[in-house]
Amino acid sequence: MAQVDISRPFGWGAPKVSRLESGQRGGSPLDIVTYLAKAGTEPAEFDRLRKLAESPANGYDLQRHPENMPDLLPTFDFLHASAKTMTFYEPRRIPSLLQSEQYAEVTLRHNRNPKDPLVKEAVQARLARQEVLKGARYGFDATFYIDEIALHDPTMHSVLDEQLLQLVITSTVPHCHVHIIPSDSFDEDLQTAFGLFKDYDDNSVLAVHTATAMLVLEEAEDMVPYLRRLNELREIALTEKESTEMINSAVRL
């Protein structure tokens with residue numbers, strides 16, 4: 001629906017609708033419920049967004065998910081789809097946005113029932129989200145910091161060669177920047193996966209991952225420890241050329 005179709009019956013201006021759609025704070029719960037009703041939102045999604053709208057604007061949002069499956073959260077998809085720049089660090093493993101189907105499946109099946117239907121759903125969600133790297137929008141940029149340890153992970157032996165080949169291809173894409181963190185710089189004390197997202201209005205949020213929940217931070221002061229960690233990674237990371245050479249050397253011919 002066009003913004004004017006939603007805004008006209010309520011006397012809203014287009015900027016108000018735009019703010020609601022981009023997730024900016026300022027719209028009342030009533031405004032958001034009204035919007036959802038006019039847009040014909042499905043009941044389950046209606047209830048989820050209504051609860052989110054009623055939550056306090058405290059600068060963060062905590063969302064639970066099945067173990068190691070943030071892929072099933074609609075918010076995670078939104079962060080990727082709306083970002084102009086993205087920066088990721090996932091300790092000891094290839095970042096999910098760069099994973100091959102086989103690598104993703106092995107990762108998601110870890111400690112789970114082999115017949116768990118959520119695994120297939122999460123794998124498909126992860127692969128679908130990777131589309132953001134293919135049809136890059138103007139100014140779009142994605143940076144990935146990868147531990148060298150992940151290039152030689154014995155637990156991923158059966159799927160690692162294919163994964164590394166995919167990584168080699170991705171590292172040649174102009175808007176994808178892959179940097180390897182040498183194993184001698186690995187820090188055992190800083191093992192939290194996170195992603196920094198900046199949209200086209202220059203708003204930044206940071207998603208921090210735990211085993212069963214995703215914490216989305218909006219306030220600059222809450223992001224400081226993670227931004228500090230990103231600066232440390234930039235200092236110790238190999239250049240893109242050096243990283244590509246290391247990945248190529250890890251591929252078993």
request  = Give a yes or no answer on whether the side chain of Thr170 reaches the backbone of Gln166 with a donor-acceptor pair at less than 3.5 Å.
outcome  = yes
inquiry  = Under a 3.5 Å distance rule, please check whether Asp147 uses its side chain to pair with a backbone N or O of Ile149 as donor and acceptor.
reply    = no
inquiry  = Test side chain to side chain contact (heavy atoms under 4.5 Å, CB included) on Asp116 and Val119; report intermediate values, then the result.
reply    = CA-CA 6 Å; Asp116 189 340; Val119 172; 4.1 Å; yes
query = Does Asn203 use its side chain to pair, donor to acceptor, with the backbone of Asp199 at less than 3.5 Å?
reply = no
request  = Could you tell me whether a side-chain N or O of His65 sits under 3.5 Å from a main-chain N or O of Ala213, the two making a donor and an acceptor?
outcome  = yes
inquiry  = Using the rule given for side chain to side chain contact (heavy atoms under 4.5 Å, CB included), can you reason through Thr244 versus Val178, listing the C-alpha separation, both sets of side-chain angles and the distance that settles it, and then say yes or no?
reply    = CA-CA 8 Å; Thr244 300; Val178 176; over 6 Å; no
task = With Arg229 as the cation and Phe194 as the aromatic partner, state whether NZ or CZ is under 6.0 Å from the six-membered ring centre and within 45° of the axis.
result = no
ask   = Below 4.5 Å, heavy atoms only, C-beta onward: do Leu97 and Phe88 meet side chain to side chain?
value = yes
ask   = Between Tyr103 and Ile94, is there a donor-acceptor pair closer than 3.5 Å when you use the side chain of the first and the backbone of the second?
value = yes
ask   = Under 3.5 Å, side chain of Glu148 to main-chain N/O of Ser183, donor-acceptor pair present?
value = yes
request  = Evaluate side-chain hydrogen bond (donor to acceptor under 3.5 Å, both in side chains) for Asn231 paired with Arg228, printing each intermediate quantity in order.
outcome  = CA-CA 5 Å; Asn231 286 331; Arg228 186 187 306 124; over 6 Å; no
ask   = Would you say Thr143 and His179 make side-chain contact, with heavy atoms under 4.5 Å?
value = yes
ask   = Can Val123 be reached from Leu73 by stepping across I, L, V, M, F, W or Y side chains whose heavy atoms are under 4.5 Å apart?
value = no
Pair Asp141, His177: side-chain N/O donor-acceptor within cut-off below 3.5 Å = yes
For Gln163 against Ser100, the heavy-atom pair lying closest together = OE1-N, 2.8 Å
ask   = Any idea which heavy atoms bring His80 and Val132 closest together, and the distance?
value = O-CG1, 4.0 Å
message = Working to the nearest 0.5 angstrom, can you tell me the gap between Ser82 OG and Asp201 CG?
response = 10.0 Å
ask   = How about Thr75 and Gln63: does a side-chain donor come under 3.5 Å of a side-chain acceptor?
value = yes
task = Determine whether Leu206 and Leu62 fall in the same hydrophobic cluster, where Ile, Leu, Val, Met, Phe, Trp and Tyr are linked whenever their side-chain heavy atoms lie under 4.5 Å apart.
result = yes
ask   = Just wondering, do Phe76 and Met214 contact through their side chains at under 4.5 Å, heavy atoms?
value = yes
query = With distance as the sole test, does Thr212 use its side chain to make a donor-acceptor pair with the main-chain N or O of Pro66 at under 3.5 Å?
reply = no
request  = Dump the intermediate steps for salt bridge (Lys or Arg N to Asp or Glu O under 4.0 Å) on Arg129 and Asp71, then the final yes or no.
outcome  = CA-CA 8 Å; Arg129 199 169 61 250; Asp71 312 85; 3.0 Å; yes
task = Decide whether Tyr145 and Val208 are clustered together by the hydrophobic rule: side chain heavy atoms of Ile, Leu, Val, Met, Phe, Trp, Tyr closer than 4.5 Å, transitively.
result = yes
query = What's the shortest heavy-atom distance between Leu72 and Pro74, and which atoms?
reply = O-CD, 3.5 Å
ask   = Does NE2 in His110 sit with more than 12 non-hydrogen atoms of other residues, nucleotides or ligands closer than 6.0 Å?
value = no
query = So Tyr89 and His209, ring-ring contact (aromatic ring centres under 6.0 Å, His included) or not? Walk me through it.
reply = CA-CA 10 Å; Tyr89 176 59; His209 299 284; over 10 Å; no
query = In terms of side-chain geometry, is the basic nitrogen of Glu105 or Arg109 positioned less than 4.0 Å from the acidic oxygen of its partner?
reply = yes
ask   = What is the minimum heavy-atom distance between Phe197 and Ala83, and which atoms define it?
value = CD2-CB, 4.1 Å
query = Which atom names give the shortest non-hydrogen contact between Leu164 and Ala250, and what distance separates them?
reply = CD1-O, 3.6 Å
query = Under 4.5 Å between any side-chain heavy atoms of Leu165 and Ile169, yes or no?
reply = no
ask   = Is there a side-chain hydrogen bond (donor to acceptor under 3.5 Å, both in side chains) between Ser96 and Gln99 once you walk through the steps?
value = CA-CA 5 Å; Ser96 60; Gln99 291 178 5; 5.4 Å; no
request  = Report the distance from atom CD1 of Ile247 to atom CD of Glu242, rounding to the nearest 0.5 Å.
outcome  = 12.0 Å
query = Is a donor on one side and an acceptor on the other found under 3.5 Å between the side chain of Glu218 and the backbone of Val205?
reply = no
query = Val159, Leu127: one ILVMFWY side-chain cluster at the under-4.5 Å cut-off?
reply = no
ask   = Looking only at heavy atoms, which two atoms of Met223 and Leu217 are closest? And how far apart?
value = CE-O, 3.4 Å
ask   = CE/Met246 to OG/Ser171 distance, rounded to the nearest 0.5 angstrom?
value = 13.0 Å
message = Return the NZ to NZ distance between Lys115 and Lys120, rounded to the nearest 0.5 Å.
response = 14.5 Å
task = Under the side chain to side chain contact (heavy atoms under 4.5 Å, CB included) rule, what do Val173 and Leu133 come out as? Steps first, then yes or no, please.
result = CA-CA 9 Å; Val173 177; Leu133 299 180; over 6 Å; no
query = Going by heavy atoms in the side chains, are Leu151 and Ile180 under 4.5 Å from each other?
reply = yes
key: Spacing of CG belonging to Asp153 relative to CG belonging to Leu160, to within rounding of 0.5 Å   = 7.0 Å
ask   = Are Val251 and Leu167 in one and the same hydrophobic cluster, where Ile, Leu, Val, Met, Phe, Trp and Tyr link if side-chain heavy atoms are under 4.5 Å apart?
value = yes
ask   = Which distance, rounded to the nearest 0.5 Å, do you find between the CG of Leu118 and the CE of Met69?
value = 5.5 Å
request  = Mind running side chain to side chain contact (heavy atoms under 4.5 Å, CB included) on Thr107 and Met156 for me, showing each step along the way?
outcome  = CA-CA 8 Å; Thr107 300; Met156 306 298 287; 3.6 Å; yes
